[in-house]
**Student:** 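Please find one structure pasted underneath; my questions will follow.
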Amino acid sequence: MMKVMLVDDDPIFTFLFQKLLEQYPDVDLEFENFPDGYNAVEFFRENKNNKISYPEVLFIDINMPLMNGWELIKAINEENLFGNEKVKMYIISSSISKADFNNSKQQINSIEYLTKPISHQQLFSALNKTIHRIS
């Protein structure tokens with residue numbers, strides 16, 4: 001079982017993302033989503049020492065209310081919310097800004113950048129990378 005989390009405020013994208021996950025072969029996936037960075041960071045803070053609650057892969061939108069994706073990533077890194085666990089993070093955004101793309105590469109753990117709309121090939125490739133990393 002691999003835990004996948006999505007932090008995105010767009011309910012239509014979240015629905016489509018979950019439908020794509022349901023098509024992923026060979027590995028059972030557990031899916032959880034948060035509508036913004038604030039709700040996600042609060043969950044991670046409350047479960048900081050509960051490794052079973054950590055995702056193996058975390059997809060984060062940039063532009064969200066309350067707390068955007070960059071603020072979420074900053075909080076995760078500064079507060080060491082995943083401890084020594086290696087959580088693979090992806091930015092998933094409709095932004096095609098070079099600044100956003102470059103910012104993703106400058107994070108502590110280089111974060112891959114995926115542009116919406118995401119195809120099942122892109123999503124499956126990201127999941128495959130995670131599976132190979134954790135196995």
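Please read these numbers as outputs of a predicted model, since none were measured by experiment. The figures here come from the full heavy-atom set of this structure, side chains too, leaving out hydrogens, waters and symmetry mates. When a residue number appears, it is its place in the shown sequence, counting from 1.
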**Student:** Determine, using the 4.5 Å side-chain heavy-atom cutoff (strictly less than), whether Val27 and Val4 are members of one ILVMFWY cluster.
**Tutor:**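 In one cluster: yes.
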**Student:** State the CG-CD distance between Leu81 and Glu46, to the nearest 0.5 angstrom.
**Tutor:** 11.5 Å
**Student:** Compare every heavy atom of Phe44 with every heavy atom of Pro55, then report the nearest pair and how far apart it is.
**Tutor:**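 Smallest interatomic distance, heavy atoms only, reads CD-CE2, 4.2 Å.
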**Student:** Flag the pair Leu123 / Phe59 as yes when at least one side-chain heavy-atom distance between them is below 4.5 Å, and no otherwise.
**Tutor:** yes
**Student:** Can you name the nearest heavy-atom pair linking Val41 to Ala75, along with the distance?
**Tutor:** CG2-CB, 3.7 Å
**Student:** Measure the shortest side-chain to side-chain distance between Met67 and Asp36 over non-hydrogen atoms and say whether it is less than 4.5 angstrom.
**Tutor:** no
**Student:** Going from CD1 on Ile73 to CD on Glu78, what distance comes out if it is rounded to the nearest 0.5 angstrom?
**Tutor:**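 The CD atom of Glu78 is 12.0 Å from CD1 of Ile73, to the nearest 0.5 Å.
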**Student:** For the backbone of Asn68 and the side chain of Glu71, can you confirm whether one donor and one acceptor N or O come within less than 3.5 Å of each other?
**Tutor:**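 Checking the backbone N and O of Asn68 against the side chain of Glu71, a donor-acceptor pair under 3.5 Å is found.
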**Student:** Tell me whether the rings of Phe31 and Phe17 are parallel (<30°), tilted (30 to 60°) or perpendicular (>60°).
**Tutor:**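 Plane angle between 30° and 60°, so tilted.
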**Student:** Spell out, as yes or no, whether a donor-acceptor pair under 3.5 Å connects the side chain of Asn128 to the backbone of Phe124.
**Tutor:**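 Checked: pair present.
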**Student:** For Gly69 and Ile60, which heavy atoms make the closest approach, and how far apart are they?
**Tutor:**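 Answer, listing the atom of Gly69 first, then Ile60: CA-CG2, 3.6 Å.
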**Student:** Could you please spell out the steps behind the salt bridge (charged side-chain N to carboxylate O under 4.0 Å, His left out) verdict for Glu22 and Lys19?
**Tutor:** CA-CA 5 Å; Glu22 290 171 4; Lys19 290 300 176 191; 3.4 Å; yes
**Student:** Using a cut-off of 6.0 Å, state whether more than 12 heavy atoms not belonging to Tyr38 lie near its atom OH.
**Tutor:**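 It does not: Tyr38 OH has 12 such atoms or fewer within range.
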**Student:** Are Leu66 and Ile76 connected in the hydrophobic side-chain network, where two residues link if heavy atoms are under 4.5 Å apart?
**Tutor:**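 Yes, same cluster.
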**Student:** Any side-chain heavy atom of Glu112 within less than 4.5 Å of one from Ile91?
**Tutor:** no
**Student:** Report yes if the side chains of Ile92 and Leu6 come closer than 4.5 Å at any heavy-atom pair, otherwise no.
**Tutor:**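 The answer is yes, as the side chains (C-beta and beyond) meet within the 4.5 Å cut-off.
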**Student:** If I take atom CD from residue Glu79 and atom NZ from residue Lys74, how far apart are they, to the nearest 0.5 angstrom?
**Tutor:**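 Separation between the atoms: 10.5 Å.
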**Student:** Would you please test Phe43 and Phe34 for ring pair (Phe, Tyr, Trp, His ring centres under 6.0 Å) and show each step?
**Tutor:** CA-CA 9 Å; Phe43 174 83; Phe34 298 94; 5.3 Å; yes
**Student:** Keeping the roles fixed (side chain from Tyr113, backbone from Tyr90), state whether a donor-acceptor pair exists under 3.5 Å.
**Tutor:**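 Absent.
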**Student:** How far does OG of Ser93 sit from CE of Met64, to the nearest 0.5 angstrom?
**Tutor:**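 Going from the OG atom of Ser93 to the CE atom of Met64 covers 9.5 Å.
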**Student:** Of all the heavy-atom pairs spanning Thr115 and Gln122, show the shortest one and how long it is.
**Tutor:**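 In terms of heavy atoms, the two residues are closest at O-OE1, 4.2 Å.
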**Student:** Walk me through it: do Lys116 and Asp8 pass the test salt bridge (charged side-chain N to carboxylate O under 4.0 Å, His left out)?
**Tutor:** CA-CA 12 Å; Lys116 292 178 183 176; Asp8 196 306; 2.6 Å; yes
**Student:** Considering only NZ, NE, NH1 and NH2 on the basic side and carboxylate oxygens on the acidic side, decide whether Glu56 and Lys88 come within less than 4.0 Å.
**Tutor:** no
**Student:** With a 4.5 Å limit on heavy-atom distance, are the side chains of Ile131 and Met2 in contact?
**Tutor:**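 Yes. Closest side-chain heavy atoms under 4.5 Å.
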**Student:** Hey, is the main chain of Asp10 close enough, under 3.5 Å, to the side chain of Thr14 for a donor-acceptor pair?
**Tutor:**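 Looks like yes, one N/O pair under 3.5 Å.
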**Student:** Looking at Val7 and Gly37, what are the two nearest heavy atoms and their distance?
**Tutor:** CG1-N, 3.7 Å
**Student:** Give me the atom names and distance for the closest heavy-atom approach of Met1 to Leu29.
**Tutor:** SD-C, 3.7 Å
**Student:** Under 4.5 Å between any side-chain heavy atoms of Val57 and Val87, yes or no?
**Tutor:** no
